[in-house]
Amino acid sequence: MKDRIAPLVKEVQRNAEIVALEGELRSLYDEVADLLDHDEVERFPSYFIEDCIYQVVSRENYAEGLPQATIYCDGVNMVRDRVTALRETQVYVPRIWRHFISGVRITAIDDGEIHARGNFLLTEAMSDADPTVFLVGQYIDVLVRVGGSLKFRQRLAVFDNHHVRRSLIVPV
Amino acid sequence: MKDRIAPLVKEVQRNAEIVALEGELRSLYDEVADLLDHDEVERFPSYFIEDCIYQVVSRENYAEGLPQATIYCDGVNMVRDRVTALRETQVYVPRIWRHFISGVRITAIDDGEIHARGNFLLTEAMSDADPTVFLVGQYIDVLVRVGGSLKFRQRLAVFDNHHVRRSLIVPV
Amino acid sequence: MKDRIAPLVKEVQRNAEIVALEGELRSLYDEVADLLDHDEVERFPSYFIEDCIYQVVSRENYAEGLPQATIYCDGVNMVRDRVTALRETQVYVPRIWRHFISGVRITAIDDGEIHARGNFLLTEAMSDADPTVFLVGQYIDVLVRVGGSLKFRQRLAVFDNHHVRRSLIVPV
């Protein structure tokens, strides 16, 4: 079991390069949210490097450093397995998820790694009910540039919810 | 009855021009949301071309290709009529609407038309009650440049709600 | 008791300079939201000029021009007092707040002062409950540039809520 990478927060000088990079990050966050909203989860693993960490974890467990996570993936193969399970073995009532993302910010750049965070609010609508606020929390991420693209070395979706109503089926 | 324009999704290369255009789109989406939030609906029709489609439609009807829409405007004159009706004939309890928009993205540029989408969450507060999540969904838009400005050739506000509590009074 | 500064709304030409300034404002709004979400309220007063106005006020009182405000600070020293009170005298159950900000826009630039506004939605999660929509409203701000940084000459957080559940403990 791999340890979570501790997020860094350093003074980041807002120059033209950082402004452009933050714009690129926002666009990436929206792109990933959009593919999840549109049930194109097959594309999700391509946003991670091979040796990645992806977790959906409660604020409490995260703050206490407890390893338990609601969704736990250590390496991109576990992310891929998750997608396969979702498509082939899990049975669930159709629903619509919608992401709202705010406050995407770079908190540090360290040795080629970009530490960033941003708030998420997910609504969920069952086919016979109105959308409700399903999950609220913060992405705590570490990204690296591979080729021309930014990829997640770590994505933690740390949720403020006390419990998660219904099971978490797709990634957040 | 005009058919909805099918939205296009193509690979869009994120170069400097696209980044600037997406910034312009975000700003436009915020501007339209702002005028609706501030009850300046008279300005709403000016964001559409003459031969436009504006609809507020349920996800279900949209997905099935059913023509029924909660608000249905075929051409800018129907958009103008809607505003007139709102001001002169409709009677309703005052309320405050507030738009939250996330994930505005260009999905294709085709023959001078920009296909774009973005998520919306509307809160509504009656004068004697706290704001609640009123409507959640996605704008699915086609824009063209007229003179210096981007105008809607099609704006669909496709909502995830199973039903719409209270009547939809103003455009979304 | 100082009067609120009336917000200005003028035609703002969207040139490169305004686009960059609006980007800077969005980043500032996110930065302030982020420090409040992370309970780093000690840093909050540094975003205001000495002779500032900071208020959290109901839409009703704001619209009627009534001076009553839920949080009322006239001058940065009252903002600092607020932080001290929060840390040293107030007793409250721990909770997590999360800001979602949308539609940050410059409405006028007048005599070196930037008039701007943006929507906020705050969720609150008690340690034994799921996040709920706690406060929804609009920032109505006047900013000035001091040294290299933008500072608030006035920040009003005008909320749509009919009443505020539980006491407002930290700034919005």
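Here is the naming used below: chain letters follow the sequence lines, and residue numbers restart at 1 for every chain.
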Quick one: [atom1] on [X] to [atom2] on [Y], what's the gap to the nearest 0.5 Å?
{"X": "A:Asp34", "Y": "B:Asn119", "atom1": "CG", "atom2": "CG", "answer": "7.5 Å"}
{"X": "A:Glu124", "Y": "A:Asp130", "atom1": "CD", "atom2": "CG", "answer": "13.0 Å"}
{"X": "A:Ile169", "Y": "A:Arg82", "atom1": "CD1", "atom2": "CZ", "answer": "9.0 Å"}
{"X": "A:His162", "Y": "A:Asp160", "atom1": "NE2", "atom2": "CG", "answer": "13.0 Å"}
{"X": "A:Phe134", "Y": "A:Thr123", "atom1": "CZ", "atom2": "OG1", "answer": "10.5 Å"}
{"X": "B:Ile71", "Y": "B:Met78", "atom1": "CD1", "atom2": "CE", "answer": "10.5 Å"}

| query | Who among A:Asp37, A:Asp128, A:Ile96 has the most heavy-atom pairs with chain B under 4.5 Å? | reply | A:Asp128

| How about residues 98-115 of chain A versus chain B: which residues have heavy atoms under 4.5 Å apart? | A:Arg98, A:His99, A:Phe100, A:Ile101

| field | residues 10-33 of chain A: residues contacting chain B (heavy atom under 4.5 Å, by number) | value |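 At a heavy-atom separation under 4.5 Å, chain B is reached by A:Gly23, A:Glu24, A:Ser27, A:Asp30, A:Glu31.
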
| request: With chain A as the partner chain, list the residues of residues 137-144 of chain B whose heavy atoms fall under 4.5 Å from it, by residue number, and write 'none' if nothing qualifies. | output: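 Residues in range: B:Gly137, B:Gln138.
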
| For chain A, which residues of residues 42-67 of chain B have at least one non-hydrogen atom nearer than 4.5 Å to it? | B:Arg59

For the backbone of [Y] and the side chain of [X], can you confirm whether one donor and one acceptor N or O come within less than 3.5 Å of each other?
{"X": "A:Ser149", "Y": "A:Arg145", "value": "no"}
{"X": "B:Arg153", "Y": "B:Lys151", "value": "no"}
{"X": "A:Asn161", "Y": "A:Val136", "value": "yes"}
{"X": "A:Gln154", "Y": "A:Ile5", "value": "yes"}

| task | List the steps, then state whether side chain to side chain contact (heavy atoms under 4.5 Å, CB included) holds for B:Val133 with B:Leu122. | result | CA-CA 6 Å; B:Val133 173; B:Leu122 257 78; over 6 Å; no

| Looking only at heavy atoms, what is the nearest atom pair of B:Val83 and B:Val41, with distance? |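 The pair with the smallest heavy-atom distance is CG2-O, 3.6 Å.
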
| Where A:Ala129 and A:Ala125 come nearest, the two heavy atoms and their spacing | O-CB, 4.1 Å

| task | Tell me, for B:Phe159 versus chain A, whether the close heavy atoms (under 4.5 Å) come from the side chain, the backbone, both or neither. | result |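 For B:Phe159, there is no contact with chain A at all, as no heavy atom is under 4.5 Å.
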
| query | Hey, are A:Arg87 and A:Asp39 close enough for a salt bridge, meaning a charged N less than 4.0 Å from a carboxylate O? | reply | yes

